[in-house]
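Data block below; observations after.
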Amino acid sequence: MRTLGAFLPFVVVSIVHVAALAAESPLAVPTKALLMPLLAVPVILDARRIIALRSRTPVMLLLGALFFSWLGDEAGLFFPFAPELPLMLGFFGIAHVAYIVLFLRVRRLPFWTVVYAVWWMLMLVTLGPHTGPLLVGVGAYGLVLAGTAATAARCTPIIALGGAFFLLSDSILAFRLFLPDAMPAWTSPAVMLTYTLGQGLLVWGALRVLRVSPSSNPAAASEEVVR
């Protein structure tokens, strides 16, 4: 119950942020900056229990993923002297690597996750001609993005759904960046709606598993995230 309550500020600010984007309100800027710090709150609150049950590794990976996501969200604000898009790709790429390491397990990927490989190839074919000098960076980012979605599919349904929403968010964003004339205005709030859903579900699902002792719940042990 405490963990669910810890997510409430993130949920409220996410709703306000998406609504502000849809209304083109100036509230969109400050609320975006609050998203990842607020999502880190339940991780911090559960950190001691998770470390006692397992190790520091999953806590550090979750916080690392959120920290670099935050830097990606605010790349233009924090680093106004540098090109924003390459920084975003780099920071979010590191965040995805952290998620991939967190979600890796011995069990093989479900067969249906081949759809993420197909997604990556289709995105390159569709958007590649419009990415210019960013083609290699966009392609590499697409790989780690698909990697997060695929490795999340090895875990619980909540985590798998979070990975899918994250991939959907970045797919919409990619079209807005490289084919802006083809994207209607409503896709701007859609990017952040799917993004907040994805990040929130990834963290919530991971904490649900990590807070349970594998020795006390064999069913949970079969859905391990990381030891």
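What you are looking at is a predicted structure, and each value in this text was computed from that prediction instead of being measured.
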Taking [X] for the side chain and [Y] for the main chain, is one N or O donor matched with an acceptor at less than 3.5 Å?
{"X": "Thr126", "Y": "Met123", "answer": "no"}
{"X": "Ser169", "Y": "Val191", "answer": "yes"}
{"X": "Arg211", "Y": "Asp46", "answer": "no"}
{"X": "Ser55", "Y": "Ile51", "answer": "no"}
{"X": "Thr187", "Y": "Met183", "answer": "no"}

Please determine whether ring pair (Phe, Tyr, Trp, His ring centres under 6.0 Å) holds for the pair Phe78 and Trp70, giving the CA-CA distance in whole Å, both sets of side-chain angles, and the decisive distance to 0.1 Å. CA-CA 10 Å; Phe78 293 156; Trp70 184 50; 5.0 Å; yes
How about [X]: does its [atom1] atom have over 12 heavy atoms from other parts shown lying under 6.0 Å from it?
{"X": "Met60", "atom1": "CE", "result": "no"}
{"X": "Arg208", "atom1": "CZ", "result": "no"}
{"X": "Trp186", "atom1": "CH2", "result": "no"}

Ring center gap for [X] and [Y] short of 6.0 angstrom:
{"X": "Tyr141", "Y": "His96", "value": "yes"}
{"X": "Phe79", "Y": "Phe91", "value": "yes"}
{"X": "Phe166", "Y": "Tyr195", "value": "yes"}

How about [X] and [Y]: do any of their side-chain heavy atoms sit closer than 4.5 Å?
{"X": "Met36", "Y": "Phe10", "answer": "yes"}
{"X": "Leu193", "Y": "Phe165", "answer": "no"}
{"X": "Trp119", "Y": "Leu122", "answer": "no"}
{"X": "Leu89", "Y": "Val138", "answer": "yes"}
{"X": "Leu63", "Y": "Ile44", "answer": "yes"}
{"X": "Tyr99", "Y": "Leu62", "answer": "yes"}
{"X": "Leu66", "Y": "Gln199", "answer": "yes"}
{"X": "Leu173", "Y": "Leu177", "answer": "yes"}

Quick one: closest heavy-atom pair of [X] and [Y], and the distance?
{"X": "Val212", "Y": "Leu53", "answer": "C-CD1, 4.1 Å"}
{"X": "Pro189", "Y": "Ala185", "answer": "CD-O, 3.6 Å"}
{"X": "Ile100", "Y": "Gly147", "answer": "CG1-C, 3.6 Å"}
{"X": "Ser14", "Y": "Leu35", "answer": "OG-CD2, 3.4 Å"}
{"X": "Leu167", "Y": "Ala149", "answer": "CD1-CB, 4.0 Å"}
{"X": "Ala153", "Y": "Pro110", "answer": "O-CG, 3.7 Å"}

Is [Y] reachable from [X] through a run of hydrophobic residues whose side-chain heavy atoms are each under 4.5 Å from the next?
{"X": "Val13", "Y": "Leu77", "answer": "yes"}
{"X": "Leu39", "Y": "Val29", "answer": "no"}
{"X": "Ile94", "Y": "Val136", "answer": "no"}
{"X": "Met121", "Y": "Leu168", "answer": "yes"}

Measure the spacing between [atom1] of [X] and [atom2] of [Y] and express it to the nearest 0.5 Å.
{"X": "Leu104", "Y": "Thr151", "atom1": "CG", "atom2": "OG1", "value": "6.0 Å"}
{"X": "Cys155", "Y": "Leu102", "atom1": "SG", "atom2": "CG", "value": "7.5 Å"}
{"X": "Leu87", "Y": "Leu71", "atom1": "CG", "atom2": "CG", "value": "9.5 Å"}
{"X": "Ile159", "Y": "Leu202", "atom1": "CD1", "atom2": "CG", "value": "7.5 Å"}
{"X": "Leu21", "Y": "Thr31", "atom1": "CG", "atom2": "OG1", "value": "7.0 Å"}
{"X": "Glu74", "Y": "Lys32", "atom1": "CD", "atom2": "NZ", "value": "6.0 Å"}

Criterion side chain to side chain contact (heavy atoms under 4.5 Å, CB included) on Leu145 and Phe92, from CA distance to verdict: CA-CA 9 Å; Leu145 174 60; Phe92 275 112; over 6 Å; no
